[in-house]
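Shown next, in structure tokens, is the structure this report addresses.
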Amino acid sequence: MAKKEFQAESKRLLDLFINSIYTNKESFLREVISNSTDAIDKLCYKALTDESVEMSRDDFKISIATDPKARTLTISDNGIGMTKEELETNLGTIAKSGSLSFKRNLMEQEDIEPDIIGQFGVGFYSCFLVGKRVTVVSRAFGSDEAWQWQSEGADGFEITPAERAEVGTDVTIDLRDNTDDENYDRYYQEAILKLLVRKYSDYIRWPIYVGEYVSNSRIPIWQRTKQEMPDEDCYAYYRDVWHDTKDPVSVLRVDAEGSSFSFRAMLFIPSQVPYEFYTPAYKPGLRLYSSGVLIKEDCAELIPDYFRFVRGVVDSPDLSLNISREALQHDRQLKLIASSLEKKIKAELTRLMNREPEKYDTFYKAFGRQLKYGVMANYGINKDKVKDLLMFYSHNQNKNITLEQYVADMKEGQKHIYYVSADSLAVINGLPQTKYVLSHGYDVLCLTESVDEFVISMLGKFGDRELRSVNNGELDIESKEEKEELEQLSEKNEGVLNFVKEALNGKIVEARLSRKLEGSPCCISARGPVSLEMERHFAASLTPLNEEEVGRIRAERVLEFNPDHPVFGKLCVATVNDKELAEKYCKILYGGALVEAGFQLEDPSEFMKLVCELM
Ligand code: ADP
């Protein structure tokens, strides 16, 4: 049979991988063993529901045999095996998924740490780190023929008919010739192989024989105590299984012994966003085992969507083993486990927030947005479960704080939680409204992510405190006297205010006086349910909206004037003496206020024309 080439991209990657970047050669053994484990898991699961498998749990094993004369080692398993087609597709395409371009980008960066590559499960190909030739003989479950796949590295592979008495797979590696730097003879020495198995694969639940001896202790990682398995070892397991380059911020061990059901779990809270997190390629969920048998790899039913970043394993002896994967969704036990895990995760995040704020900060930078989506999803049905975990940037404290912390630090007499949302802190700090609220000694939460505004409006309140934008026309800050004084002043200026509203011809719903403007002449604010920020967000959104929708999400604008500012005085005079001029003033002030609030002018050339005329 003619030699087949690896796919072009695979070839390049394989070259790079074998010849330069990867340094930790001995990890090939872990990769091959991990593939064998998966293959056995698959057949073992099948055995639960399919009588034709004729195997029991005790029959499964992985064996490593060596041949010092031939300088080879062979890793065998009696797992599910591969058909001819599977040999070709599974071993012929390196990095099948979209992860390839990611890896390539990664490798183009110069300052990359060599070991990072090992984190991406280049898996089977790591055999070439130590092997000059790799031969795989496999017989798939349900098939009575076996096939051999053979390759000497980047130039391709050959598939030929083979013999194998039982279902399963042998991976034989012809070791490379020794060099000055590397003694490849190590890898056919049983003593060394035993050490490597213990080092990398001790927790694998299937027995791993090196020669005659079982080398691994076979106790799954989550069945061990913290003394036996310190956090660092769990982190290494996490990085390995979920292909992360960084340690998680936390590992959570759960041992639930109940009268109706019991389970153990080991959960990880990652510290960085997986690159495919916001794509369909990301499969949320936990690995579900029943007494050590893998039932489902990504059991999404175990984790609420707002915690979909959590990784880990759950093992329960109480799950009925021959339950179909579809029926899992409705399983009562599973629901109980999920609800218990949800509480544990929330408790752990709260603990991090209070006790290890730096770690929480790392976590929040990575997944804060996911929590915010959690508030928004399904019309806010879960908002109360997530709201305490949210953080926003505090103007006064120069760091992220929770809503609870904001309320705890509120000044006496302060009624609401104030926030302002804009594209940048510079815009926020420049707003007279912000300054006004701050001048009362009140803190302001600065929201700079576009989702923030929606999260806030979904929350509406925190406890009995209203969340109020500084752009809201009613800030509720003034004293009773100040309010009365302003009311009287407004009555006196009713004519001018009405004039402004008419001059702007439908652009605003109201013109009013305000005390919040300090040194500025006027500002834009909003009335009603749609805020200025939301309007801006929708205007910038990529989804084209129809006219009716645009109308619905337009903020009701209010133009507020500072009665003490000379500009207002000039406007008043003009409304009496020169109505045409007064109209121009109104349009210019409205445009200027829009720009200051971070909006675009509705008609920039008209604005420019007006400025020129006035000059
Ligand atoms: P990964 O394990 O990350 O998917 P690998 O390159 O290690 O990537 O393996 C590719 C695929 O080849 C596996 O997903 C599996 O389907 C198949 N495979 C590898 N080794 C075995 C084995 N011993 N038995 C059955 N299938 C295997």
Side-chain angles (χ1 to χ4, degrees), residues 6-7 9-11 13-14 17-18 22 27-47 53 55 60-65 73-100 102-103 117-131 134-143 145-151 153-154 157 159 162 164 166-173 200-201 204 206-209 237 239-244 274-276 281-283 287 294 297-298 311:
F6 286 111
Q7 294 201 345
E9 292 193 313
S10 308
K11 211 160 140 178
L13 191 56
L14 195 56
F17 174 68
I18 298 167
Y22 205 87
S27 60
F28 82 93
L29 192 61
R30 173 188 60 193
E31 299 288 348
V32 179
I33 289 177
S34 148
N35 282 343
S36 289
T37 309
D38 290 348
I40 295 179
D41 279 348
K42 284 180 193 153
L43 191 56
C44 182
Y45 179 78
K46 223 179 178 50
V53 177
M55 302 261 285
F60 292 109
K61 65 175 183 187
I62 298 166
S63 345
I64 305 177
L73 84 158
T74 300
I75 300 106
S76 304
D77 64 66
N78 50 359
I80 196 145
M82 282 176 275
T83 61
K84 183 182 175 208
E85 290 69 34
E86 283 165 343
L87 281 169
E88 183 161 332
T89 43
N90 294 347
L91 307 184
T93 326
I94 191 168
K96 284 160 285 194
S97 66
S99 62
L100 175 61
F102 172 75
K103 286 176 198 158
I117 302 302
Q119 309 286 352
F120 294 104
V122 188
F124 172 75
Y125 288 86
S126 54
C127 293
F128 289 106
L129 291 171
V130 298
V134 179
T135 310
V136 180
V137 172
S138 194
R139 184 171 146 191
F141 171 73
S143 161
E145 52 185 36
W147 291 90
Q148 172 179 295
W149 177 103
Q150 192 171 61
S151 166
F157 60 89
I159 296 183
R164 201 181 194 281
E166 312 276 339
V167 168
T169 303
D170 310 305
V171 176
T172 300
I173 301 174
Y200 291 115
S201 310
I204 298 283
W206 307 111
I208 303 171
Y209 288 86
Y237 165 79
R239 289 200 315 263
D240 202 30
V241 175
W242 285 280
H243 303 316
D244 199 343
Y275 67 92
E276 80 281 30
Y282 182 81
K283 302 265 177 296
R287 287 181 158 231
L294 183 65
E297 208 156 340
D298 302 296
R311 291 309 207 176

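In listed order, ligands and their atoms are each counted from 1. Quick caveat, the model's predicted, so the values are computed rather than measured.
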Problem - Region of Thr169 engaging ligand 1 - heavy atom pairs below 4.0 Å - result: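 The part of Thr169 near ligand 1 is the side chain, not the backbone.
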
Problem - Close approach of Glu31 to ligand 1, heavy atoms, under 4.0 angstrom - result: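 The answer is no, since Glu31 has no heavy atom less than 4.0 Å from ligand 1.
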
Practice task
Answer yes or no for Asp77: is there a heavy-atom contact with ligand 1 below 4.0 Å?
Solution key: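 A heavy atom of Asp77 does come that close to ligand 1.
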
Practice task
Cation-pi check, Lys46 to Phe141: give yes when NZ or CZ is under 6.0 Å from the six-membered ring centre and within 45° of the ring axis, no otherwise.
Solution key: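 Verdict for Phe141: no cation-pi partner in Lys46.
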
Problem - Ligand-side contact atoms (ligand 1) for residue partner Leu91, heavy atom cut-off under 4.0 Å - result: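 Close to Leu91: 12 (O).
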
May I ask you to check whether [X] has an N/O atom sitting below 3.5 Å from an N/O atom of ligand 1?
X: Asn35; answer: yes
X: Phe124; answer: yes
X: His243; answer: no

Handout entry: Over all atoms of both residues, closest heavy-atom pair of Val130 and Ile173
Key =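 What the structure gives for the nearest pair is CG2-CG2, 4.1 Å.
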
Problem - Distance-only side-chain donor-acceptor flag, Ser126 / Glu31, under 3.5 Å - result: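 No, Glu31 and Ser126 have no side-chain donor paired with an acceptor closer than 3.5 Å.
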
Exercise for the section: Go through the side-chain N and O atoms of Asp77 and Trp206 and say whether any donor and acceptor fall under 3.5 Å apart. Expected result: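 Per modelled atom types, Asp77 and Trp206 side chains form no pair under 3.5 Å.
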
Handout entry: All side-chain hydrogen bond (donor to acceptor under 3.5 Å, both in side chains) counterparts of Asp170, not counting sequence neighbours
Key =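 Counting only residues at least two positions away or on another chain, Asp170 forms a side-chain hydrogen bond (donor to acceptor under 3.5 Å, both in side chains) with Ser76, Arg164.
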
Exercise for the section: Using the test side-chain hydrogen bond (donor to acceptor under 3.5 Å, both in side chains), find all partners of Thr74 that sit at least two apart in sequence or belong to another chain. Expected result: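 side-chain hydrogen bond (donor to acceptor under 3.5 Å, both in side chains) check on Thr74 returns Thr172.
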
